[in-house]
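First comes the structure, then the notes that go with it.
Chain letters run A, B, ... following the sequence lines, proteins first and then strands; every chain starts at 1. Computed from heavy atoms alone, side chains included, the values below leave out hydrogens, waters and symmetry copies.
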Amino acid sequence: MASVSSQPQFRYTQPPSKVLHLRNLPWECTEEELIELGKPFGKVVNTKCNVGANKNQAFIEFADLNQAIAMISYYASSSEPAQVRGKTVYLQYSNRQEIVNNKTTADVAGNVLLVTIEGSDARLVSIDVLHLVFSAFGFVHKITTFEKTAGFQALVQFSNAETASSAKNALDGRCIPSYLLPEHMGPCTLRITYSAHTDLSVKFQSHRSRDYTNPYLPVAPSAIDGSGQLSVGVDGKKLEPESNVLLASIENMQYAVTLDVLHMVFSAFGPVQKIAMFDKNGGVQALIQYPDVQTAVVAKEALEGHCIYDGGFCKLHISYSRHTDLSIKVNNDRSRDYTIPNTPMMNPQPSILGQQPASAVGAAPQQYGGVQYAQTPTQPTMHHPPPAGWGPVPPAQSMPMQGHNPPPYMQQGTVPFQMGPGMMHGAGHPGLPHPPHMPPYQSQ
DNA sequence: AGCACA
């Protein structure tokens with residue numbers, strides 16, 4: 001009747017739907033319990049439990065609208081309320097006509113993981129740390145993070161369900177290794193389910209979202225500072241996401257700084273895996289890759305602001321790169337992969353300088369004197385994967401070098417920096433022009 | 001006790 005439809009309705013009534021919305025359920029109510037509840041009234045074709053902030057809501061979908069109406073009608077006039085485990089359950093028609101993302105989405109493997117980071121400091125976990133953690137299992141295409149009632153969450157997109165499930169199996173319920181987290185942070189536990197997403201939409205590189213397949217995606221202005229590095233200020237504190245790859249720029253470069261010089265300087269802190277040099281903004285920059293974040297942190301703190309040569313020449317400015325694994329296409333005078341054994345090096349040269357700790361870059365810069373360098377174009381002692389004794393640790397520095405162990409969930413061969421060339425997947429986009437002064441591996 | 005993954 002037309003006159004009825006225009007009448008005001010009760011505030012909380014809904015038009016009928018095959019889908020019923022249930023609330024006040026006991027926590028972690030099961031699908032079986034929902035089916036038990038609905039079965040007397042018809043065929044339950046789908047359910048969704050643990051809905052809402054308190055996980056105490058659910059949906060039941062009947063095969064037929066009349067079955068849903070029968071259930072609502074029954075309990076509307078019954079003296080006994082609907083109950084699950086003795087707890088009164090409130091029913092109404094859902095405002096949707098079908099359950100979307102039915103319960104199987106949490107169980108069917110997909111290429112995108114929904115990650116909930118638990119812990120009082122969960123929101124301090126940077127997207128870069130998440131990237132590092134998940135990259136151990138395969139190329140991570142994209143990450144988005146967001147705050148939900150469930151807490152701080154991230155969606156992590158892999159190439160396929162296989163790599164996603166290996167990450168899920170290894171990481172679900174595990175804590176992020178503390179050395180990847182800012183100091184004084186409590187434990188952060190990862191809870192992982194599959195997302196129904198297959199391809200995340202990332203518009204900007206920012207502190208909340210990243211697309212690692214598209215190096216030329218614009219960076220959100222809010223996420224960068226003057227040096228072009230991400231610096232997310234949480235409670236006003238500057239948080240530079242740490243990385244195992246350092247970006248070094250060289251100021252006042254009166255003398256040539258070669259790959260070998262950089263290798264020698266940075267090797268004092270740990271095995272240098274890869275170096276890539278390139279020109280940017282009229283200067284020289286280099287990416288230096290260590291096997292782990294911790295070594296990079298130590299090197300950065302020791303070297304930042306120091307000069308390679310006496311007299312204030314070749315001053316190093318070091319920040320963390322967002323890369324975790326450089327893709328070295330060819331070993332030459334600007335790029336080198338030291339992890340590949342038996343790779344013929346160009347210009348093999350005798351070693352110089354021995355094991356001078358690089359903390360002495362400032363203290364004993366004459367070791368790297370320009371003249372000496374010019375006369376003996378350098379080749380550090382290491383041609384191959386770093387030997388066990390890759391050099392003394394600068395004694396004056398406090399260097400927790402014990403941390404070369406992989407985090408507990410990482411198995412040999414799956415650590416991020418041993419990932420194959422897929423890591424820098426975006427580098428080879430055929431249709432994308434490389435910006436000037438930007439080598440193909442350089443994402444920003 | 002009031003609707004699902006940004």
Sequence neighbours excluded - ring-ring contact (aromatic ring centres under 6.0 Å, His included) pairs with any residue from residues 54-90 of chain A: A:His21-A:Phe59, A:Phe41-A:Tyr74, A:Phe41-A:Tyr75
Integer-rounded Å distance: B:dA4 P and A:Asn56 CG: 13 Å
Sugar-phosphate, base or nothing in reach of A:Phe152, heavy atoms under 4.0 Å: nothing
Separation of B:dC5 C1' from A:Lys48 NZ (nearest whole Å): 9 Å
Value in whole Å for how far the C1' atom of B:dA6 lies from CD1 of A:Ile127: 12 Å
Carboxylate-amine/guanidinium proximity below 4.0 Å for A:Asp279 and A:Arg334: yes
Spacing between A:Lys55 atom NZ and B:dC5 atom C1', to the nearest angstrom: 11 Å
Any donor-acceptor N/O pair under 3.5 Å between B:dA6 base and A:Arg208 side chain: no
Nucleotide nearest A:Lys148 when distance is taken to its side chain, options B:dC5, B:dA4, B:dC3: B:dC5
Residue among A:Leu326, A:Asn331, A:Val245 satisfying side chain to side chain contact (heavy atoms under 4.5 Å, CB included) with A:Lys274: A:Leu326
Residue A:Leu200, side-chain heavy atoms: nucleotide from B:dC3, B:dA6, B:dC5 that is nearest: B:dA6
Out of B:dC3, B:dC5, B:dA4, whichever nucleotide has its closest atom nearest the side chain of A:Ile99: B:dA4
Sugar-phosphate only, base, or nothing, as touched by A:Asn95 at under 4.0 Å among non-hydrogen atoms: base
Nearest-Å distance for atom pair CZ/P, residues A:Arg123 and B:dA6: 17 Å
Contact list for residues 139-148 of chain A, test salt bridge (Lys or Arg N to Asp or Glu O under 4.0 Å), sequence neighbours left out: A:Arg123-A:Glu147, A:Lys142-A:Asp199
Atom-pair distance (NZ on A:Lys142; P on B:dC5), nearest Å: 21 Å
Spacing of A:Leu113 atom CG relative to B:dA6 atom C1', expressed in whole Å: 15 Å
Integer-rounded Å distance: B:dA6 C1' and A:Glu147 CD: 11 Å
Nucleotide nearest A:Phe146 when distance is taken to its side chain, options B:dC5, B:dC3, B:dA6: B:dA6
Worked verdict on A:Arg336 versus A:Asp260 for salt bridge (Lys or Arg N to Asp or Glu O under 4.0 Å): CA-CA 10 Å; A:Arg336 194 160 300 171; A:Asp260 296 322; 3.2 Å; yes
Nearest-neighbour nucleotide for the A:His21 side chain, B:dA4, B:dA6, B:dC3 considered: B:dC3
